[in-house]
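Scroll down for the structure; my scribbles are underneath it.
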Amino acid sequence: MIQAIRGTKDILPDTIDYWNYLEFTAKAVSESFGYKEIRTPIFEKTEVFSRGVGEGTDIVNKEMYTFADKGGESITLRPEKTAAIVRAIIQSSLYQQQPITRLWYFAPFFRYERPQKGRLRQFHQFGAECISSPYPESDVEVISLAVEYCKSLGIEDYKLLINSLGNEQSRIAYKEVLIKYLLENKDKLTADSQNRLEQNPLRVLDSKAEQDKAVVEGSPNILDSLDAESKLHFETVLSYLDKLGISYAIQPRLVRGLDYYSHTVFEFQHSSLGSQDSFGGGGRYNSLFSQLGGKETPAVGFAMGAERLMIILEAIGKLPQPEPVADYYLLAADSKFIPKAIEIASALRSKGKKVLTDLIRRSFKSQMRDAGKLNIPYVVIIAEDELSRDSLLLKNMLNGEQNEILIKEFLK
RNA sequence: GCGGCCUUAGCUCAGUCGGUAGAGCACCAGAUUGUGGCUCUGGUGGUCACGGGUUCAAAUCCCGUAGGUCGCCCCA
């Protein structure tokens with residue numbers, strides 16, 4: 001048997017309603033903030049991500065689906081959206097045509113990893129980006145969009161962690177004290193973290209290894225290194241969140257795995273996810289545009305993992321009830337009435353109804369069973385007696401009542 | 001890339017001491033000829049993941065591979 005690629009999953013009809021629900025809700029919430037959808041190609045030149053996401057990140061180092069196309073060009077299936085969106089905006093000069101660009105997406109992404117709970121090689125994210133504002137209001141807009149989405153889905157018992165990496169000067173200052181501290185404790189760190197110390201020292205803070213945690217415990221706090229501008233930005237974000245009644249926890253060791261963040265970073269966590277407890281995250285990325293060859297442009301965004309949202313919704317019993325596939329089931333009491341059934345079905349559809357007919361010439365009883373099993377609310381029975389009076393039987397499957405009704409009346 | 005556990009019908013699983021397979025659910029049909037859900041009866045359905053080895057004989061024992069799952073790393 002030919003199987004789907006490891007780490008990929010078919011979305012079959014039994015779960016498609018859940019996916020549509022996640023996507024339609026994402027669209028509705030995004031539009032309530034005035035965001036427009038953006039779709040970009042699922043693959044890009046590899047440099048979009050290596051330069052955008054950062055050479056020092058795990059995503060670029062070991063998780064990208066990269067291959068050479070027939071022309072020898074290095075192509076990568078997108079592991080995330082932000083770098084691709086920035087590329088698209090620069091290419092189309094979108095950010096030069098309007099003062100603020102607000103975008104959302106719900107799309108598949110690819111990372112080459114061993115699959116586990118809530119982690120696939122092809123996965124889906126809902127995300128939004130707010131481009132061209134350096135002010136805290138845009139950080140807050142993006143966070144509250146994400147919060148509204150959770151609220152719309154009925155997810156309430158999550159944690160929002162927030163931190164600030166500060167502007168570039170603050171980060172340089174912090175890196176200095178951090179590196180100094182880590183070097184003093186280098187021999188207590190895991191080999192992994194000793195490596196990170198060279199490549200991207202901030203990410204040592206992210207380590208989940210017990211051995212590293214002890215060192216990280218005593219590390220200098222990034223918030224102490226923020227300069228006045230960075231501190232003001234962060235405090236303003238927090239005060240807006242307070243005003244909006246959005247609760248959060250400041251987590252000074254939250255740095256996130258992508259290189260492009262500055263100032264505000266945040267992450268959403270939920271306990272139902274096992275060891276992958278984060279289901280969304282984001283932050284400000286003021287330097288990404290210039291890194292990808294565009295005009296320096298402040299921006300902020302977030303992404304949420306659809307598979308993880310699905311796990312949460314299932315755990316808290318908030319998956320939507322699937323709708324019946326049809327409003328009416330056209331039942332031909334005998335094969336000779338099938339043409340009539342098809343005719344009436346067609347007339348109903350042109351009135352905007354969802355209609356099902358039997359296609360395998362089943363018996364009366366069998367069609368009845370079929371309609372019952374599919375939870376279809378009404379069965380239209382076409383049979384000898386009634387047809388001789390130009391009428392049919394309309395049966396309400398919920399209460400079992402049925403009435404004879406003239407076909408002309410029924411189709412009016 | 002590494003590790004634990006797992007792989008028998010569409011699904012969830014039994015299968016003893018090695019003797020070439022069963023149940024429940026689902027599906028299909030029927031229960032005085034035109035009525036679903038409940039109940040009863042019957043039926044369809046298996047490359048026992050794949051490849052090799054041991055044996056007279058392998059779903060069962062051994063080796064390998066693939067896949068799943070949960071972790072590690074990291075992330076959504």
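Chain A is the first sequence line, chain B the second, and so forth, proteins listed ahead of strands; every chain is numbered from 1. Computed from a prediction, not measured in an experiment: that's the story for all the values here.
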B:rG34 pairs with, by Watson-Crick or G-U criteria that keep both distances under 3.5 Å: none
Taking the minimum atom-to-atom distance to the side chain of A:K365, which one of B:rG36, B:rC72, B:rC75 wins? B:rG36
Among the nucleotides B:rC70, B:rA29, B:rU35, whichever has the atom closest to the side chain of A:S366 is B:rA29
Pairwise P distance for B:rA14 and B:rC56, with rounding to whole Å: 32 Å
Carefully, step by step, assess A:M397 and A:Y378 under the rule side chain to side chain contact (heavy atoms under 4.5 Å, CB included). CA-CA 6 Å; A:M397 295 294 275; A:Y378 290 97; over 6 Å; no
Below 4.0 Å: OP1/OP2 of B:rG71 and any side-chain N or O of A:K117: no
Quick one: is B:rA76 close enough that its OP1 or OP2 comes under 4.0 Å of any side-chain N or O from A:R256? yes
Base paired to B:rC73 (Watson-Crick or G-U; both N/O distances under 3.5 angstrom): none
Does A:K373 make a side-chain N or O approach to OP1 or OP2 of B:rC27 shorter than 4.0 Å? yes
Respond yes when some side-chain nitrogen or oxygen of A:R203 is under 4.0 Å from OP1 or OP2 of B:rC75, and no when none is. yes
A:N396 vs A:D370, nearer the 5' end of RNA chain B by closest nucleotide: A:D370
May I ask you to say what A:K9 touches in the nucleic acid, namely base, sugar-phosphate or nothing, with a heavy-atom cut-off under 4.0 Å? sugar-phosphate
Do any side-chain nitrogens or oxygens of A:S363 fall under 4.0 Å of OP1 or OP2 in B:rA29? no
Just N and O in the side chain of A:R119: are any of them under 4.0 Å from OP1 or OP2 of B:rG71? no
Do the ring planes of A:F279 and A:Y158 sit parallel (below 30°), tilted (30 to 60°) or perpendicular (above 60°)? perpendicular
With a 4.0 Å limit, can you tell me whether A:R114 has a side-chain N or O closer than that to the phosphate oxygens OP1/OP2 of B:rG1? no
Regarding A:E113, tell me which of base, sugar-phosphate or nothing describes its non-hydrogen contacts under 4.0 Å with the strands shown. base
Heavy atoms only, 4.0 Å cut-off, all strands: where does A:F123 land among base, sugar-phosphate and nothing? base
When you compare B:rU20 with B:rC27, how far apart are their P atoms, in angstrom units rounded to a whole number? 33 Å
Say you pick atom P in B:rU60 and the same atom in B:rG71; how far apart are they, in whole Å? 30 Å
Report the base-pairing partner of B:rA14 (Watson-Crick or G-U wobble, both distances below 3.5 angstrom), or none. none
For B:rC5, which nucleotide is its Watson-Crick or G-U wobble mate, given both distances must be under 3.5 Å? B:rG68
Is there a Watson-Crick or G-U wobble partner for B:rU20 with both distances under 3.5 Å, and which nucleotide is it? none
B:rU41 and B:rG24: how far apart are their P atoms, nearest whole angstrom? 10 Å
If you check every side-chain atom of A:K395, which of B:rG36, B:rG1, B:rA76 has the closest atom? B:rG36
Counting Watson-Crick and G-U wobble pairs only, both distances under 3.5 Å, name the nucleotide matched with B:rG43, or none. B:rC27
Which distance, rounded to the nearest 0.5 Å, do you find between the CG of A:D334 and the CZ of A:R361? 11.0 Å
